[in-house]
Every structure is written in C-alpha cells, then in structure tokens.
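Single-structure report; data block below.
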Amino acid sequence: DQQVKQNSPSLSVQEGRISILNCDYTNSMFDYFLWYKKYPAEGPTFLISISSIKDKNEDGRFTVFLNKSAKHLSLHIVPSQPGDSAVYFCAVRSGNTGKLIFGQGTTLQVKP
Amino acid sequence: DTAVSQTPKYLVTQMGNDKSIKCEQNLGHDTMYWYKQDSKKFLKIMFSYNNKELIINETVPNRFSPKSPDKAHLNLHINSLELGDSAVYFCASSHGTGRTNQPQHFGDGTRLSIL
C-alpha cells in the first residue's frame, strides 16, 4: 500500500519553461517533506524540503508547495534547464526515527 | 571529498553465496541507513543505526544483517543470496533522527545482480 505516490512517471518540458512535479500522500500525520533529485548511476541528492507548518518554501529556481488539506506536494522549477533532466523523488518523514518513505519518482526531461 | 561512499559499486554473484556491502561517511553524521531500490524503482528503508544502535528494522529477511562498528560505518551482510535480492542498495547518513530537519545524504549505490 503506497503511502506516497507520484502519479506521473515522466514529464517533458521545454528549456526556460516551468516544470511542475506532483506528489500525493495518505497520512495527515506526516510532518516533513523532501524532494530529491537523482541522476543515472548516482545516489539521490537532496534538493529542497518543507515542514508541515509552512505551505511554501523557495530556494532559487526551486519552490515546493504543500497543500495539507489535499495531502498534496508539488515542486516547481522555473526556468527549467537541460541540466535539470533527472529523476525526482518526493519523500515524507514518518515517525521519530528519521525513516523516509519515497514516491516512485518522476523522470523529468528538459529539452533545449 | 566529504561524502557517503559505498563499495563495491557493482556486485555480481551466484545464488546461495554470502556477500557484504560496505558504507562509510565522513560527514560527521551520527545516523546511517540502508535503502533498497527494487526493479520498480521504489526506494525502501531497510535499516537505520544511530550512534551504533539499531533504530529502524523494517520487515527484512533475517538473511540481511547490518553491522555498525562505529558511527562512520554501516555495513550490510547478506547470507544465502536469492534472485529477489537483485536490486540497487543505497547507504545514507544524516545528523540525528526524527525531529531534526536534517536531510539524508546518499551514496551512489551498489548494484547487486544475482545469477
């Protein structure tokens, strides 16, 4: 039973446009949300995070939005660059042990 | 370089063998993790150690045994390897657990293939 879902396996956008990656979760008790980026043959790299007490966090071209009532998380990348092409995983922290539950990832392709 | 490093990067072996994967971090973190990424690309937590103490032990077969000799190392030993163990195994580390909003840093993974 998936507690974190990324329903779009892939997304293709033009360079300079906005990329929007989505993530849904099931448990309203989750309190910390993260996005990771992964290139082939490398490990996931932390990108940006948000606490449940906020609804938006911005870091340069990356903004994460949290809609707690909808149990929905999104990552906006603007403007998108070809180097952003990677697999993006959303993750939620579960409990007090630091355990992360990951979505299945969305492959983003940014075309020049 | 400061990093989480895993060895080996690739491991090809026969069914029934015993193998180990090593992980080391020089980030000064006190918590380390093992994740498994299966063929469907899901990343799932297996184990976590905080200051050498086991704090997460998910439903993983007893054939998998983590060992943390010190805070900077978390090794994974697998006995009697099975075809279903083929996956990419990622090690990660972080400052603290639970309530600390510190992200986990991942190694580049060990791709295990069982023949």
Side-chain angles (χ1 to χ4, degrees), chain A residues 1-11 21 23 25 29-54 57 59 62 64 66 73 75 86-108, chain B residues 2-10 21 23-25 27 29-51 53-60 74 88-111:
Chain A
D1 186 25
Q2 288 177 243
Q3 299 184 68
V4 181
K5 293 182 184 179
Q6 294 175 253
N7 291 317
S8 298
S10 62
L11 175 67
L21 298 107
C23 178
Y25 59 95
M29 297 301 290
F30 293 145
D31 64 352
Y32 188 57
F33 306 85
L34 308 90
W35 283 95
Y36 280 83
K37 174 181 177 180
K38 185 183 180 303
Y39 292 117
E42 294 184 10
T45 302
F46 170 71
L47 197 55
I48 192 169
S49 63
I50 188 167
S51 165
S52 59
I53 61 173
K54 295 186 175 181
N57 188 26
D59 183 3
F62 303 91
V64 55
L66 177 62
L73 187 68
L75 175 69
V87 179
Y88 289 79
F89 291 95
C90 71
V92 302
R93 184 176 64 193
S94 174
N96 294 324
T97 59
K99 170 182 171 180
L100 293 182
I101 302 174
F102 284 84
Q104 65 269 51
T106 297
T107 300
L108 172 66
Chain B
T2 56
V4 179
S5 57
Q6 301 178 223
T7 54
K9 194 171 179 65
Y10 299 96
I21 306 172
C23 180
E24 176 182 6
Q25 55 91 7
L27 298 166
H29 292 164
D30 57 3
T31 306
M32 297 185 71
Y33 311 81
W34 277 110
Y35 287 84
K36 178 181 180 180
Q37 186 179 34
D38 60 22
S39 56
K40 295 182 180 177
K41 305 303 180 186
F42 283 101
L43 264 165
K44 292 184 180 176
I45 184 76
M46 300 173 69
F47 301 102
S48 175
Y49 274 74
N50 174 253
N51 287 317
E53 180 183 345
L54 182 66
I55 57 169
I56 297 176
N57 187 351
E58 293 292 293
T59 308
V60 177
L74 181 61
V88 183
Y89 293 84
F90 288 98
C91 178
S93 71
S94 69
H95 273 301
T97 62
R99 293 300 159 205
T100 62
N101 289 345
Q102 297 292 329
Q104 293 174 22
H105 297 256
F106 284 78
D108 285 341
T110 296
R111 183 174 294 277

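Note on naming: letters A, B, ... go to the chains in the order of the sequence lines (proteins, then strands), and numbering restarts at 1 for each one. Model, not experiment: these values are computed from the prediction.
Side-chain N or O atoms of A/Gln6 include one that pairs as donor or acceptor with a backbone N or O of A/Cys90 at under 3.5 Å.
Under the 30°/60° scheme for interplanar angles, the aromatic rings of A/Phe33 and A/Phe30 are found to stand perpendicular.
For A/Leu100, the parts lying near chain B are the backbone and the side chain together; criterion is any non-hydrogen pair under 4.5 Å. Both the backbone and the side chain of B/Gln104 come within less than 4.5 Å of a heavy atom of chain A. At a 4.5 Å heavy-atom cutoff, the contact between B/Lys9 and chain A is made by side-chain atoms alone. Of the two parts of B/Leu43, the backbone and the side chain both hold a non-hydrogen atom closer than 4.5 Å to a non-hydrogen atom of chain A.
Listed by first and then second residue, the side-chain hydrogen bond (donor to acceptor under 3.5 Å, both in side chains) pairs involving residues 34-53 of chain A are A/Tyr32-A/Ser49, A/Lys37-A/Tyr39 (not counting sequence neighbours).
Residues meeting the side chain to side chain donor-acceptor pair (under 3.5 Å) test with B/His29, sequence neighbours left out: B/Ser93.
Of the listed residues (A/Gly105, A/Ala91, A/Ala41), the one with the most heavy-atom contacts under 4.5 Å to chain B is A/Ala41.
To the nearest 0.5 Å, atoms NZ (A/Lys54) and CG (A/Leu66) are separated by 11.5 Å.
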